[in-house]
K.L.:
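Below: one structure in structure tokens.
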Amino acid sequence: MNQDYLNELNEPQRQAVECTEGPVMIIAGAGSGKTRVLTYRIAHLLNLGADAFQIMALTFTNKAAREMKDRIALLAGNEARNLWMGTFHSVFARLLRADAERLGYPSNFTIYDTDDSKSLLKAILKENNLNDKTYKPSTVLARISSAKNNLLSWREYLQDEELMTSDQQAGRPMMGKLYELYCKRCFKSGAMDFDDLLYNTYLLLDKFPDLLHKYQGRFHYLLVDEFQDTNRLQYMIVKRLAARHENICVVGDDAQSIYAFRGANIENILTFGKDYPDHKVFKLEQNYRSTSNIVNAANSIISNNRNQLPKVVWTANEQGHKIKMLRALSDNEEGSIIADLIYSERMTHQFRYHDFAVLYRTNAQSRAIEEALRRRNLPYRIFGGLSFYARKEVKDLLAYFRLAINPHDEEALRRVINYPARGIGNTSVDRLIAAAGEAEVSVWEVINNIDQYKTGIQTAAREKISAFAAMIKSFHVMLPTHAAYDLATYIAKQTTLLHELYSDKTPEGVSRYENIQELLNAIREFTETGKTALPAPSEEATGDDSRTLDAFMSDIALLTDNETKKEDDNADHISLMTVHMAKGLEFKQVFVAGLEENLFPSMLSLNEREDLEEERRLFYVAVTRAEKKLYLSYAATRYRWGNLTHSEPSRFLEEISPEYLDQPAVSHNNEENEGWNHGAEKRQGWFKNQFNNKQGRFKPLYKTASPHPEISFDADDPKDIVVGAEVIHARFGQGKVMSIEGNHPDAKATVFFQGHGNKQLLLKFARLKIV
DNA sequence: GGAGGCCTCGGAAGG
DNA sequence: CGAGGCCTCC
């Protein structure tokens with residue numbers, strides 16, 4: 001191992017790597033070498049003689065885990081294979097496979113993905129005659145998820161008066177009952193959903209001191225990546241595991257916390273400080289990624305957030321180009337401007353396509369940009385969308401595999417009991433489920449012994465059901481004796497699924513058939529080498545070198561990421577993705593599109609300070625993706641849900657200190673203010689429109705008594721603002737114009753605000769009102 | 001069982 | 001507007 005590796009680190013990085021004992025928190029600013037520190041720290045531990053089997057390192061995404069593993073392997077070689085390193089879910093699933101039986105689950109339990117969970121909830125709603133509008137499966141699931149992530153069992157939920165009352169008042173009194181039914185049904189199916197993987201891990205450690213003891217003794221070192229994204233439950237588990245040795249190292253950046261909306265709990269950072277009062281903090285503040293203009297602009301944005309840990313991100317990099325503002329009249333023009341700029345930048349400065357990324361807030365925005373790129377024949381790739389394993393035909397075949405392994409898996413059963421069609425209709429299925437519910441057994445139990453249950457199903461259908469059961473059983477007995485690929489192809493043929501897809505000669509049908517072939521190829525590769533081109537369970541994750549189908553399937557449900565085969569990965573293309581997807585990535589040139597009020601920040605974020613601050617962190621993430629050049633664009637009009645809407649520039653734009661901005665706004669047409677003159681007026685119409693929308697019923701747009709109102713009013717024309725005028729600013733309140741420099745529309749004013757001091761504001765963005 | 005019409009609804013998204 | 005779910009009709 002390269003002994004000089006410590007010299008490759010700056011001072012705080014080196015300290016963070018070398019401080020191996022005791023609780024440590026590393027606050028890592030954007031682009032400050034976070035992954036480098038994590039990987040070097042682990043390599044350093046190994047170098048000092050720590051056993052890889054004693055190190056647990058947890059990440060959020062498969063991609064992050066893979067990257068880190070690869071990088072550690074470069075530093076520390078083969079030993080890296082023995083690390084307990086992976087996503088929270090995959091590491092805990094591995095732990096559960098060993099001991100889930102103590103909780104009453106089979107060791108070959110199924111993992112339900114979100115689709116399975118929603119589908120189960122839908123079935124439960126139907127059986128209980130509940131309206132799936134009132135109880136939207138996604139909403140119910142979110143509620144259940146949040147309960148589990150706060151360590152609240154369904155029993156506790158039902159006994160919690162506050163929760164019961166609030167559900168009652170929200171018109172959803174059955175929420176707790178649904179939680180109960182959902183849990184019981186999963187359990188009966190021998191299935192865990194994503195949250196159960198965490199929740200049951202916690203239970204296991206909580207209920208069985210011998211296990212807790214074993215793992216506490218085993219894991220001398222724990223590391224958590226993206227700590228700002230952990231929820232309470234994840235933190236609680238890690239804390240328990242670390243309790244013996246207390247060598248726990250968490251790495252994160254509060255400024256990049258953008259997942260609070262799905263339960264991430266930034267409070268964990270504070271809790272960590274309380275739980276480990278003697279912990280050491282290291283701050284990585286030097287940014288190696290971006291020009292100083294970009295770093296400073298990002299700082300000026302994030303300084304508008306009230307909730308943040310003190311830190312100063314800086315860079316020794318060159319000042320670089322100022323940030324370019326791009327103004328368009330429409331979403332289509334925005335796409336054209338961006339496409340033209342990419343074209344000319346690439347031609348004149350010898351960039352490659354992969355140096356460019358276009359980031360946006362919502363997926364719907366990709367269309368206009370895509371069209372512009374396509375018209376110019378510029379190669380691009382859109383990231384996001386369905387993962388390979390989420391495709392219908394793939395899930396169908398996987399459902400058969402799942403049934404072969406765990407026939408109690410009700411979601412898999414419902415999915416394929418009549419696909420391909422074998423004459424078992426909805427009525428029969430409903431009756432099977434009803435009988436199973438009555439007898440409190442799994443549906444498979446009923447199917448397998450159909451004559452012992454009063455289902456009311458006709459003899460003809462009963463025979464078909466029995467034939468189906470016999471087929472599944474025949475697969476089941478083949479599991480231990482057949483290689484994964486042999487059994488997989490056998491099942492694909494035997495169920496006639498392969499034939500069904502083959503006979504569909506429409507382009508979609510052909511593509512579905514190809515996907516199935518790709519899945520089978522992946523299984524073949526797994527069978528032969530233990531590895532696959534598709535993201536698949538690694539050999540060490542499966543525990544031994546058996547290449548059976550259940551080994552392949554053991555955590556396939558956890559492979560939700562989008563990367564499929566890297567066939568055209570070498571192709572040079574522009575990247576299009578949401579800001580969320582861009583987290584952790586970097587590009588030489590970044591375009592952030594759609595910087596408009598109600599879009600970025602999203603309209604849904606405007607009611608609560610916390611939501612708006614998360615939105616601002618999201619903007620911070622977007623800005624800090626850029627290495628060399630950053631462009632921020634906005635459009636005066638945009639099609640949203642089929643309606644032409646007018647918008648005004650995002651408040652975030654005026655939060656950037658003007659000194660980092662390049663002035664002239666670019667427009668294809670030279671019509672200076674066309675499209676903006678009536679912005680305020682039209683914006684009101686847009687607001688009203690949205691308020692009357694169904695959304696408004698659940699989450700009112702206006703909150704009357706917000707503790708820190710960000711005032712909303714109609715701005716005056718910038719041209720009317722003169723030195724000495726008293727003005728109102730949405731966030732800073734009332735102030736006085738001290739001086740104005742430059743010419744309209746790019747005039748810049750210095751305004752003194754009580755309590756905020758002098759602020760430099762670009763008048764065209766500041767939306768000032770004259771008192 | 002499948003095609004086609006109608007209705008609804010729309011945020012970002014990992015495992 | 002457009003995707004997806006559901007119902008109806010053959």
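As the structure is a computational prediction, the values presented were derived from the model and not from experiment. Labels below follow one simple rule: chain letters A, B, ... track the order of the sequence lines, proteins then strands, and each chain is numbered from 1.
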K.L.:
One thing to verify: whether A/Glu127 and A/Arg185 come together as a salt bridge, which I'm taking to mean a side-chain N less than 4.0 angstrom from a carboxylate O.
P.N.:
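Salt bridge present between A/Arg185 and A/Glu127.
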K.L.:
Between atom CG in A/Leu558 and atom P in B/dA13, what is the gap in whole Å?
P.N.:
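Distance check: A/Leu558 CG to B/dA13 P gives 20 Å.
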K.L.:
What pairs with A/Arg367 under side chain to side chain donor-acceptor pair (under 3.5 Å), at least two apart in sequence or on another chain?
P.N.:
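Not a single residue meets the side chain to side chain donor-acceptor pair (under 3.5 Å) criterion with A/Arg367.
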K.L.:
Give the rounded distance in Å between these two atoms: CG of A/Asp132 and P of B/dC7.
P.N.:
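To the nearest whole Å, that distance equals 17 Å.
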K.L.:
Just how far, in rounded Å, is P of B/dG15 from CG of A/Asp193?
P.N.:
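So the two atoms are 16 Å apart, to the nearest Å.
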K.L.:
Examine B/dG15: is either OP1 or OP2 under 4.0 Å from a nitrogen or oxygen in the side chain of A/Ser90? Give yes or no.
P.N.:
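Looking at the OP1 and OP2 atoms of B/dG15, neither is under 4.0 Å from any side-chain N or O of A/Ser90.
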K.L.:
Between A/Asn363 and B/dA13, is there a contact of a side-chain N or O with OP1 or OP2 at under 4.0 Å?
P.N.:
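Answer is yes, contact under 4.0 Å.
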K.L.:
Measure from CZ on A/Phe261 to P on B/dG11 and round the result to the nearest Å.
P.N.:
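So the CZ-P distance, A/Phe261 to B/dG11, works out to 12 Å.
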K.L.:
Taking side-chain contact (heavy atoms from CB on, under 4.5 Å) as the test, write out the residues that go with A/Pro420, two or more places apart.
P.N.:
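side-chain contact (heavy atoms from CB on, under 4.5 Å) list for A/Pro420, sorted by chain: A/Tyr400, A/Arg422, A/Thr496, A/Leu497, A/Glu500.
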K.L.:
Could you check how far NZ of A/Lys464 sits from C1' of B/dG1, rounded to whole Å?
P.N.:
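For the pair A/Lys464 NZ and B/dG1 C1', the rounded distance is 13 Å.
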K.L.:
If you find the nucleotide of DNA chain B closest to A/Glu615 and the one closest to A/Leu197, which residue's nucleotide is nearer the 5' end?
P.N.:
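Looking at the nearest nucleotide for each, A/Glu615 comes out on the 5' side.
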K.L.:
Among B/dG1, B/dG11, B/dG15, which is the nearest nucleotide to the side chain of A/Thr362?
P.N.:
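Selected nucleotide (nearest to the side chain): B/dG11.
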K.L.:
Which part of the nucleic acid, if any, lies within contact of A/Thr560, taking any heavy atom under 4.0 Å across all strands shown: a base, the sugar-phosphate backbone alone, or nothing?
P.N.:
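Here A/Thr560 touches the bases of the nucleic acid.
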K.L.:
C/dG4 and B/dA13: how far apart are their P atoms, nearest whole angstrom?
P.N.:
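Those two atoms are separated by 15 Å.
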K.L.:
B/dA12 P sits how many Å from A/Leu618 CG, rounded?
P.N.:
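So the two atoms are 11 Å apart, to the nearest Å.
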K.L.:
With sequence neighbours left out, write down each residue that passes side-chain contact (heavy atoms from CB on, under 4.5 Å) with A/Thr578, or none if nothing qualifies.
P.N.:
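Listed in chain order: A/Tyr360, A/Asn363, A/His580, A/Met581.
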K.L.:
Any side-chain heavy atom of A/Thr110 within less than 4.5 Å of one from A/Ile405?
P.N.:
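No; the side chains remain at least 4.5 Å from each other.
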K.L.:
Could you tell me how far apart A/Asn149 (CG) and B/dG15 (C1') are, to the nearest whole angstrom?
P.N.:
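Result: 11 Å.
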K.L.:
A/Asn418 side chain N/O closer than 4.0 Å to the phosphate oxygens (OP1, OP2) of B/dG1?
P.N.:
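It does, given that an N or O in the side chain of A/Asn418 lies less than 4.0 Å from OP1 or OP2 of B/dG1.
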K.L.:
Rounded to the nearest Å, what distance is computed from the NZ atom of residue A/Lys583 to the C1' atom of nucleotide B/dG14?
P.N.:
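Result: 11 Å.
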K.L.:
Taking side-chain contact (heavy atoms from CB on, under 4.5 Å) as the definition, give me every residue that meets it alongside A/Ser575, ordered by chain and number, with sequence neighbours left out.
P.N.:
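side-chain contact (heavy atoms from CB on, under 4.5 Å) list for A/Ser575, sorted by chain: A/Ala357, A/Phe383, A/His573, A/Met577, A/Phe587.
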K.L.:
Anything under 4.0 Å to a heavy atom of chain A counts; send over the first and last such nucleotide of DNA chain C, read 5' to 3'.
P.N.:
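From 5' to 3', the first and last contacting nucleotides are C/dC1 to C/dG2.
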K.L.:
With rounding to whole Å, what would you report as the distance between C/dC6 and B/dG11 at their C1' atoms?
P.N.:
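The answer is 25 Å between these two C1' atoms.
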K.L.:
Taking only N and O in the side chain of A/Asn62, is any of them less than 4.0 Å away from OP1 or OP2 of B/dG14?
P.N.:
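So the side chain of A/Asn62 is outside the cut-off, no N or O lying under 4.0 Å from OP1 or OP2 of B/dG14.
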K.L.:
Listed by chain and number, what are the side-chain contact (heavy atoms from CB on, under 4.5 Å) partners of A/Thr201, not counting sequence neighbours?
P.N.:
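Partners of A/Thr201 by the side-chain contact (heavy atoms from CB on, under 4.5 Å) criterion, ordered by chain and then number, come out as A/Phe92, A/Leu95, A/Leu96, A/Leu205, A/Ile237.
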